[in-house]
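All values below come from the heavy atoms of this structure, side chains included, with hydrogens, waters and symmetry mates left out.
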Protein chains: 2
Amino acid sequence: MVDLLKDRDAWSTDNCSVTRTLEVVGTRSALLVMREAFLGTSRFHDFARRIGIGEPAVAARLKELTAAGLLERTPYREPGRRTRDEYRLTPKGCDFYRVILALREWGDTWATDEQGPPWRSAHRGCGAEVHTVMRCAEGHDVQVGETTPVPGPGLVLRG
Amino acid sequence: MVDLLKDRDAWSTDNCSVTRTLEVVGTRSALLVMREAFLGTSRFHDFARRIGIGEPAVAARLKELTAAGLLERTPYREPGRRTRDEYRLTPKGCDFYRVILALREWGDTWATDEQGPPWRSAHRGCGAEVHTVMRCAEGHDVQVGETTPVPGPGLVLRG
DNA sequence: GCGCTGACTCAAGTAATCCGGAGCCAGCAA
DNA sequence: TTGCTGGCTCCGGATTACTTGAGTCAGCGC
């Protein structure tokens with residue numbers, strides 16, 4: 001089997017899943033829109049105000065994330081108001097939560113000031129704080145540094 | 001206790017850990033540099049070639065990530081060559097692996113083509129594939145959708 | 001010393017992103 | 001029908017990110 005670490009030049013990352021993911025959410029504003037969606041925001045103007053970016057930027061990100069299938073537009077209607085669309089997470093979008101959680105956790109550990117982070121994640125029901133851990137298919141808990149890259153089905157060797 | 005989801009307008013994300021994290025690695029190229037570092041790359045030109053971005057961009061990212069403490073420069077010397085510096089992950093940088101892994105996993109699930117991803121992560125030792133899971137402080141496995149945001153120590157209420 | 005190599009940098013141009021402000025438009029209220 | 005509101009879009013300019021190509025510079029081999 002190819003040792004990916006030692007023969008790093010022997011294979012390409014053209015079809016890397018990280019790269020593909022970043023094609024969808026590779027901007028700062030896209031990731032913040034996703035964070036806001038997980039914090040319950042669903043309406044155009046709320047995204048803009050709460051994230052603190054301009055409306056054209058929000059419009060572009062919402063359009064892209066909807067086209068990519070992470071969000072979907074659904075109509076809503078408040079009494080006395082016209083029908084509008086709101087943006088809700090699809091299963092594909094919900095599954096992105098682990099990325100947001102990993103980003104938040106890293107920041108909690110390495111980039112907070114003395115007052116600490118403004119929000120955390122709790123397990124609904126038991127209320128205990130949620131964090132990400134790595135686990136292998138054999139059920140072992142895996143620590144940072146105990147992993148190694150191995151070839152996947154789409155590995156492309158050069159030359 | 002404040003219900004963060006319902007009263008989203010009552011608090012601000014100025015000191016959000018996600019935002020702080022993105023101040024360090026908020027660009028596509030920074031995240032790809034980190035991916036490469038985890039794939040064993042440590043030298044300037046290798047980063048540029050393997051990621052497929054220009055050298056000035058690599059120089060800027062390496063400088064930023066080093067200043068932020070995710071990478072450190074250490075001298076190396078090949079026989080018959082002058083002394084050079086290579087870039088290695090610090091503990092702060094190593095801890096970023098869960099973010100890269102979460103990005104890769106999301107891409108593996110939602111953004112691969114028919115041939116599949118080129119690489120995966122294995123537990124060194126047992127060799128089984130590694131993935132991220134969420135767990136609460138009580139030890140429960142937590143599924144996507146079973147979490148809710150709760151106030152942290154740095155919560156800032158508006159007004 | 002001299003040339004060579006390779007790591008890195010500078011400069012200039014292009015593309016993407018973002019902001020502020022103005023404007024469009026649907027449809028509810030009156 | 002008219003006015004109004006709010007969701008969204010368009011435009012022009014500023015900033016940032018990135019590319020290409022040329023250049024600098026350290027130090028090893030000779």
Novice: Looking at CD of B:E36 and CD1 of B:I51, how far apart are the two atoms once the value is rounded to the nearest 0.5 Å?
Specialist: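 Output value for this atom pair is 5.0 Å.
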Novice: So which of residues 8-21 of chain A are in contact with DNA chain C, with a heavy-atom cut-off of under 4.0 Å?
Specialist: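 Contacts with DNA chain C under 4.0 Å: none.
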Novice: Can you tell me which residue among B:V18, B:T19, B:V24 is in a side chain to side chain contact (heavy atoms under 4.5 Å, CB included) with B:L22?
Specialist: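 Filter result, single survivor: B:V18.
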Novice: Kindly write out the residues that satisfy salt bridge (charged side-chain N to carboxylate O under 4.0 Å, His left out) with A:D141, not counting sequence neighbours, or none if the list is empty.
Specialist: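 Partners of A:D141 by the salt bridge (charged side-chain N to carboxylate O under 4.0 Å, His left out) criterion, ordered by chain and then number, come out as B:R135.
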Novice: Identify the pairs formed between an N or O of the protein and an N or O of nucleotides 24-27 of chain D at a distance under 3.5 Å, and give each distance.
Specialist:
| residue | atom | partner | partner atom | Å |
| --- | --- | --- | --- | --- |
| D:dA26 | O4' | B:R82 | NH2 | 3.3 |
| D:dA26 | N3 | B:R82 | NH1 | 2.8 |

Novice: Distance from B:S121 atom OG to B:R104 atom CZ, nearest 0.5 Å?
Specialist: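 So the OG of B:S121 and the CZ of B:R104 are separated by 4.5 Å.
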Novice: Which other residues belong to the hydrophobic cluster containing B:V133, where Ile, Leu, Val, Met, Phe, Trp and Tyr are joined when side-chain heavy atoms lie under 4.5 Å apart, directly or via other members?
Specialist: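 Members besides B:V133, by chain and number: A:V133.
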Novice: About how many Å separate CG of A:L71 and CE of A:M34, when rounded to the nearest 0.5 Å?
Specialist: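 One gets 5.5 Å once the value is rounded to the nearest 0.5 Å.
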Novice: Within residues 29-55 of chain B, find the residues that approach DNA chain C with a heavy atom at under 4.0 Å, and present them sorted by residue number.
Specialist: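 Nucleic-acid contacts, sorted: B:F44, B:H45, B:E55.
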Novice: What residues, two or more places apart in sequence or in another chain, satisfy side-chain contact (heavy atoms from CB on, under 4.5 Å) together with B:A30?
Specialist: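 With neighbours one apart ignored, the set is B:V25, B:T27, B:R61.
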Novice: D:dC8, C:dC8, C:dT17: which one has an atom nearest the side-chain heavy atoms of B:Y87?
Specialist: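 Nucleotide nearest to B:Y87's side chain: C:dC8.
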Novice: Strictly by modelled atom types, are B:S17 and A:D108 linked by a side-chain donor-acceptor pair under 3.5 Å?
Specialist: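 On atom types as modelled, these side chains qualify, holding a pair under 3.5 Å.
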Novice: Classify the side-chain pair B:R73/B:Y87 by whether it contains a donor and acceptor separated by less than 3.5 Å.
Specialist: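 Short answer, yes.
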Novice: Considering just the side-chain nitrogens and oxygens of B:K63, establish if one lies under 4.0 Å of OP1 or OP2 belonging to C:dT9.
Specialist: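 For B:K63, the contact criterion (side-chain N or O under 4.0 Å from OP1 or OP2 of C:dT9) is met.
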Novice: Nearest to the side chain of B:P56, heavy atoms from C-beta on, is which of C:dC18, C:dA11, C:dC8?
Specialist: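 Closest of the options to the side chain of B:P56: C:dA11.
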Novice: B:R50 and B:T41: side-chain donor and acceptor closer than 3.5 Å?
Specialist: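 B:R50 vs B:T41: donor-acceptor pair found between side chains.
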Novice: Just compare D:dC18, D:dC8, D:dT20 and give me whichever is closest to any side-chain atom of B:A57.
Specialist: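 In terms of side-chain proximity for B:A57, the closest of D:dC18, D:dC8, D:dT20 is D:dC18.
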Novice: What is the distance, rounded to the nearest whole Å, between atom CG of A:L62 and atom C1' of C:dT17?
Specialist: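 Rounded to whole Å, this separation is 16 Å.
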Novice: Roughly, in whole Å, what's the span from CZ in A:R28 to P in D:dT15?
Specialist: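 Whole-Å distance recorded here is 17 Å.
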Novice: Evaluate salt bridge (Lys or Arg N to Asp or Glu O under 4.0 Å) for B:E86 paired with B:R43, printing each intermediate quantity in order.
Specialist: CA-CA 5 Å; B:E86 60 184 359; B:R43 298 181 186 179; 3.8 Å; yes
Novice: Take the protein atom CZ of A:R73 and the nucleotide atom P of D:dG7, then report the distance between them rounded to whole Å.
Specialist: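 In whole Å, D:dG7 P lies 12 Å from A:R73 CZ.
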Novice: Nearest-Å distance, CG (A:D85) to P (D:dG6)?
Specialist: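 Roughly 17 Å, once rounded to whole Å.
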